[in-house]
There are 2 protein chains.
Amino acid sequence: MSQIPSGFREKRRSRTVTLQDVANVAGVTSMTVSKVIKGKGNISTATREKVLRVAEELNYTANLAARTLATGRTGIIAVICGELDQAYYANMVSLLQAQMLCSGYEMRLLHKESELKDLLNATKTSAVDGVIVSGAHDLSEKPEFLNSELSQHCVFLDTFEHPNTDYVRIDLREGVQEAIEHMITLGRQRIAYVGVSNATEFDPSWAVEDRLRTYLATINKANKNHEFINSRPRIDMTREERIDAIKLYFERHGCPDGLVCLHGEIAMLAFRALREYGCRVPEDVLVVGGDDVPFMECFAPSLSAVAHPLEEACVLTWQFLQARINNSSLPLQQKTCKAKLVVRESLQSR
Amino acid sequence: MSQIPSGFREKRRSRTVTLQDVANVAGVTSMTVSKVIKGKGNISTATREKVLRVAEELNYTANLAARTLATGRTGIIAVICGELDQAYYANMVSLLQAQMLCSGYEMRLLHKESELKDLLNATKTSAVDGVIVSGAHDLSEKPEFLNSELSQHCVFLDTFEHPNTDYVRIDLREGVQEAIEHMITLGRQRIAYVGVSNATEFDPSWAVEDRLRTYLATINKANKNHEFINSRPRIDMTREERIDAIKLYFERHGCPDGLVCLHGEIAMLAFRALREYGCRVPEDVLVVGGDDVPFMECFAPSLSAVAHPLEEACVLTWQFLQARINNSSLPLQQKTCKAKLVVRESLQSR
DNA sequence: TTGTAAGCGTTATCAC
DNA sequence: GTGATAACGCTTACAA
């Protein structure tokens, strides 16, 4: 029985050890082996030990595809997010992965720029048990998404709300507002927003994002003028070019005395641009970043930030998803965590 | 025929659309549908179009598990590497993912700290088509690994050599040597190495890594004393604590006039420690990082680095792996890329 | 406690 | 050009 069946099988990759092989050697049925491996059902200690020994000897490992086909479960979670060269997403993935490792899940990393069709395909029930989505703002509004199975086992982790699905939201509004009011208290007059846009002219109507929106509202309330600095007028600019773009703004319009930056990374770029332009932080210009990217505190002066409670959010997201996987008819799970302003040297006028 | 068969099927997750469903509606066999979907075999234009239309209508997507079981191919590549909160790995994964996206592969992200058994299991033929490993120095020496199928479709991307497998190696030696000689040329006397260790006392014998090894050799040749600063005496220290640990060294032993750091991140920590201690960069101390982490150039002064040719290495790695997947009997593919010193302000004595 | 049979959704082979 | 059939390796349900 241990001879390889003819034909078909040999065309495949090198023969792998199957349940049947173990069963043959151990002198039992493949079913018995299956039970032993999964630790289910009643098996006598004698056969159990024998089977385990043989499995060990033959170096048996389960075929995930076959198991998936039979059970509909994979033990794999898809994560759809932005580029990992952004520290924000990299840290998020890192935190999520740590959680999943503990729960015995693995991670399939998908790119949010992929075709929606490909995403749906990749995350079909048969391929992953659940999905975590971050930074794909518009996904939850698409009917193809809402009608798909994907949405059944999906948790959003975002700064947006997603009314019809589970989500963990990070609310930046208070943190950003506090940062700007802090600048105003210190007497700053020209507080500009440093963001990203591919439009040539700034148009407040595309302020779909909390940070920019809150900036505009807060500045308005204080009867000051808003000012938008584009840190990436063209896609695919290098960091050096982006620094130059910001510097060019200073050269043309003079320097604001406060900068609210979309990301921590942009705060770093802006800091460098200020240096090259010849402005001091914080004496001439106060600076704050819209998230707390690692190593902002290593700058001199250390860069302030609106710190996202990323760890808390990731833990919660994973809890939500596990609950959803175990019971897909659970009521909507939605929670908001608040980001907090971290005042470092870049916000301290001496 | 479109009614759902009794029993078994209903216990599973919500019924998915299968080849058979499409076939029933289109009035053909599932085999024909399969051929149309895969674009293989000779199918009349009439049936092809009809099948495609029905598939579209029914929103059919292939079941990956079933396809894998039948073909032995998954279209998924496992990547095993260190923590993504290190910018080095995050960028690597980001670059690799971009490559894979173009070739129609997806990525399964595994953690190098997982049990070897789990890794082997996860990367069995049935689960992924190939594996990329980075930073798992010792893996290629383990017999369990070498005897496994994993090693058949595996490329290492590392600063080490892995004699028995495909690899792309990043060679740091010349870059590090150049950095140190540059410091010596500028008259620096106390050039210290800032690294990571969990031993209390420094022991040159654990210099398995190119950077430290090259540092020791170069310092020796110049008849200077080596000096080791531990930037992480305990695992799980926060960045603040690590900064303090470095600062503590300065307080106890005075400040070196040159620092060679294992990573870019450590250079950032060391920079901050120097600031807090009251030393100026580069006037008092020259600083260089062992890899070129993004945003080092945003510091004031900008931090120098031994820049890894990461993009080149990732492209090469992916080429190697694809070649290996297509032909597993290919001779060993091994290539070395050299890292180059990037001199920024932190290495320029004025 | 163990075994039998059927089924998961796809593809390879070969006959029509 | 199209279809029938077996096979991929595992698990569920039920019989022995």
Side-chain angles (χ1 to χ4, degrees), chain A residues 4-24 26-51 55 58 60-75 121 124-127, chain B residues 4-24 26-51 55 58 60-75 121 124-127:
Chain A
I4 297 171
S6 64
F8 201 64
R9 228 162 177 174
E10 294 170 313
K11 307 245 169 170
R12 303 170 174 275
R13 294 208 184 166
S14 60
R15 181 89 169 73
T16 63
V17 181
T18 71
L19 277 184
Q20 189 62 55
D21 298 324
V22 178
N24 290 150
V28 294
T29 328
S30 63
M31 205 44 244
T32 308
V33 180
S34 172
K35 283 179 188 152
V36 171
I37 298 290
K38 304 270 293 185
K40 301 176 118 184
N42 294 329
I43 304 285
S44 70
T45 337
T47 45
R48 153 170 294 113
E49 280 171 3
K50 173 151 201 187
V51 166
L58 265 49
Y60 170 79
T61 53
N63 180 321
L64 187 74
R67 178 175 288 168
T68 298
L69 192 55
T71 62
R73 291 219 163 190
T74 61
N121 196 344
K124 268 268 167 171
T125 309
S126 55
Chain B
I4 297 172
S6 63
F8 200 66
R9 228 161 178 173
E10 293 170 315
K11 307 243 169 171
R12 305 171 173 274
R13 294 207 185 166
S14 60
R15 182 90 168 73
T16 62
V17 180
T18 70
L19 278 183
Q20 189 63 55
D21 298 324
V22 178
N24 290 151
V28 293
T29 325
S30 63
M31 205 47 242
T32 308
V33 180
S34 173
K35 283 178 188 154
V36 170
I37 299 289
K38 304 272 293 183
K40 300 175 116 183
N42 294 329
I43 305 285
S44 70
T45 336
T47 44
R48 152 169 296 114
E49 281 171 2
K50 172 150 201 188
V51 166
L58 265 50
Y60 169 81
T61 53
N63 180 321
L64 189 72
R67 179 174 286 168
T68 298
L69 192 55
T71 63
R73 291 220 163 190
T74 60
N121 197 343
K124 268 269 169 170
T125 310
S126 55

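We name chains A, B, ... by the order of the sequence lines, and we start the count at 1 in each one.
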Q: Could you work out, with side chain to side chain contact (heavy atoms under 4.5 Å, CB included) as the rule, every residue matching B:Ala66, not counting sequence neighbours?
A: A:Leu69, B:Asn63
Q: Measure across B:Arg67 and B:Ala62 and return the closest heavy-atom pair with its distance rounded to 0.1 Å.
A: NH2-CB, 3.4 Å
Q: Give me the bend of the helix from C:dT1-D:dA16 to C:dC16-D:dG1, using the axes of the five pairs at each end, rounded to 10°.
A: 40°
Q: Between A:Lys38 (NZ) and D:dA13 (P), how many Å, whole number?
A: 13 Å
Q: How many Å lie between OH on B:Tyr60 and P on C:dG9, as a whole number?
A: 10 Å
Q: If I take atom CG in residue A:Asn63 and atom C1' in nucleotide D:dT11, what distance separates them, rounded to the nearest angstrom?
A: 13 Å
Q: Rounded to whole Å, please give me the gap between CG in B:Leu69 and C1' in C:dG7.
A: 12 Å
Q: Keeping the roles fixed (side chain from B:Thr18, backbone from B:Gln20), state whether a donor-acceptor pair exists under 3.5 Å.
A: yes
Q: What closest approach, in Å, do B:Leu64 and B:Thr74 show between heavy atoms, and which atom pair accounts for it?
A: CD1-O, 3.7 Å
Q: Under the 3.5 angstrom rule, does the side chain of B:Thr32 hit a backbone N or O of B:Val28 as a donor-acceptor pair?
A: no
Q: Under the side chain to side chain contact (heavy atoms under 4.5 Å, CB included) test, which residues partner A:Ala55, sequence neighbours left out?
A: A:Val22, A:Ile37, A:Tyr60
Q: Quick one: side chain to side chain donor-acceptor pair (under 3.5 Å) partners of A:Ser44, sequence neighbours excluded?
A: A:Thr47
Q: What N/O pairs connect the protein and nucleotides 1-5 of chain D at under 3.5 Å? Give each pair on its own line.
A:
unit_1	atom_1	unit_2	atom_2	d
D:dT2	OP1	B:Ser44	OG	3.1
D:dT2	OP1	B:Thr47	OG1	3.3
D:dT2	OP2	B:Ser44	N	2.9
D:dT2	OP2	B:Thr47	OG1	2.9
D:dG3	OP2	B:Thr29	N	3.1
D:dG3	OP2	B:Thr29	OG1	2.9
D:dG3	OP2	B:Thr32	OG1	2.4
D:dG3	O5'	B:Thr29	OG1	2.7
D:dG3	O6	B:Lys35	NZ	2.9

Q: To the nearest Å, how far apart are B:Lys40 NZ and C:dT13 C1'?
A: 12 Å
Q: Rounded to the nearest 0.5 Å, what separation is found between the OG1 atom of B:Thr45 and the NZ atom of B:Lys50?
A: 14.5 Å
Q: Can you name the side chain to side chain donor-acceptor pair (under 3.5 Å) partners of B:Ser30, sequence neighbours left out?
A: none
Q: Rounded to the nearest angstrom, tell me the gap between atom CG in A:Asp21 and atom C1' in D:dG9.
A: 10 Å
Q: What is the separation between atom CD on A:Gln20 and atom P on D:dT11, rounded to the nearest whole Å?
A: 13 Å
Q: Base, sugar-phosphate, or nothing for A:Ala62, non-hydrogen atoms under 4.0 angstrom?
A: sugar-phosphate
Q: Using whole Å, report how far CG of A:Leu19 lies from P of D:dT11.
A: 6 Å
